[in-house]
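Here is the structure we will look at.
The structure displayed is predicted, hence computed values, not measured ones.
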Amino acid sequence: MYWIMPALLNAYVSRLSTLIILEQWQRVARDVARFVELYKTFVDNDAIEHGWKTAASEKFVEMINLVSALPVDKRDLLYAELGDATETIRALAPDEEKK
């Protein structure tokens with residue numbers, strides 16, 4: 001059922017957008033961590049065709065852009081909830097203001 005992964009990641013992006021609006025940082029953090037876990041498992045699988053990995057990667061970029069676009073104070077709230085995954089996400093989601 002690998003072909004549903006891009007759609008699943010798209011659903012996560014939509015859900016994250018909603019949770020960010022609602023400022024549900026604990027739930028955002030949990031979904032970001034799960035998103036990264038699913039994505040990494042998917043793209044690390046040699047049996048998955050490149051086209052499917054590309055589609056999943058596009059959704060990964062969307063998720064990272066959501067985090068990057070957060071104001072610094074909101075991003076800090078998210079990072080506080082991420083725990084051990086903070087540095088991974090921080091490295092992937094550069095500050096919009098620094099671009």
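- Considering CZ of R75 and CG of L66, their distance stands at 12.0 Å, rounded to 0.5 Å.
- To the nearest 0.5 angstrom, R34 atom CZ is 8.0 Å from L8 atom CG.
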Listing, residues 22-30 side-chain donor-acceptor contacts under 3.5 Å, not counting sequence neighbours, or none:
{"unit_1": "E23", "atom_1": "OE1", "unit_2": "K74", "atom_2": "NZ", "d": "3.3"}
{"unit_1": "E23", "atom_1": "OE2", "unit_2": "K74", "atom_2": "NZ", "d": "3.1"}

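- By the criterion of side-chain heavy atoms lying less than 4.5 angstrom apart, applied directly or through intervening Ile, Leu, Val, Met, Phe, Trp or Tyr residues, W52 is grouped together with I4 in one hydrophobic cluster.
- Rounding to the nearest 0.5 angstrom, the gap separating the CG atom in L92 from the CG atom in N65 is 11.5 Å.
- Atom CD in E62 sits 11.0 Å away from atom CG in L16 (nearest 0.5 Å).
- Atom CG of residue L78 and atom OG1 of residue T86 lie 7.5 Å apart, to the nearest 0.5 angstrom.
- Taking CG of L19 as the start and OG of S14 as the end, the distance is 11.0 Å to the nearest 0.5 Å.
- Among residues two or more places apart in sequence or in another chain, the side-chain hydrogen bond (donor to acceptor under 3.5 Å, both in side chains) test is passed with Y12 by none.
- The side chain to side chain contact (heavy atoms under 4.5 Å, CB included) test applied to L9 returns M5, F35, L38, Y39, A56, K59, not counting sequence neighbours.
- Using a 4.5 Å cut-off on side-chain heavy atoms (C-beta onward), V67 and I89 make contact.
- Considering only residues two or more places apart in sequence or on other chains, D44 meets the salt bridge (Lys or Arg N to Asp or Glu O under 4.0 Å) condition with K40.
- I48 and K53 get closest at one heavy-atom pair: O-CE, 3.3 Å.
- If you chain together hydrophobic residues whose side chains sit under 4.5 Å apart, W3 and V13 fall into the same group.
- D73 has its side chain out of reach of L77: every pair of non-hydrogen atoms, C-beta onward, lies at least 4.5 Å apart.
- In this structure, the salt bridge (Lys or Arg N to Asp or Glu O under 4.0 Å) partners of R90, at least two apart in sequence or on a different chain, are E87.
- For R15, the salt bridge (Lys or Arg N to Asp or Glu O under 4.0 Å) partners two or more places apart in sequence, or in a different chain, are D31.
- At a threshold of 4.5 Å between non-hydrogen side-chain atoms, the residues F60 and V43 do not count as touching.
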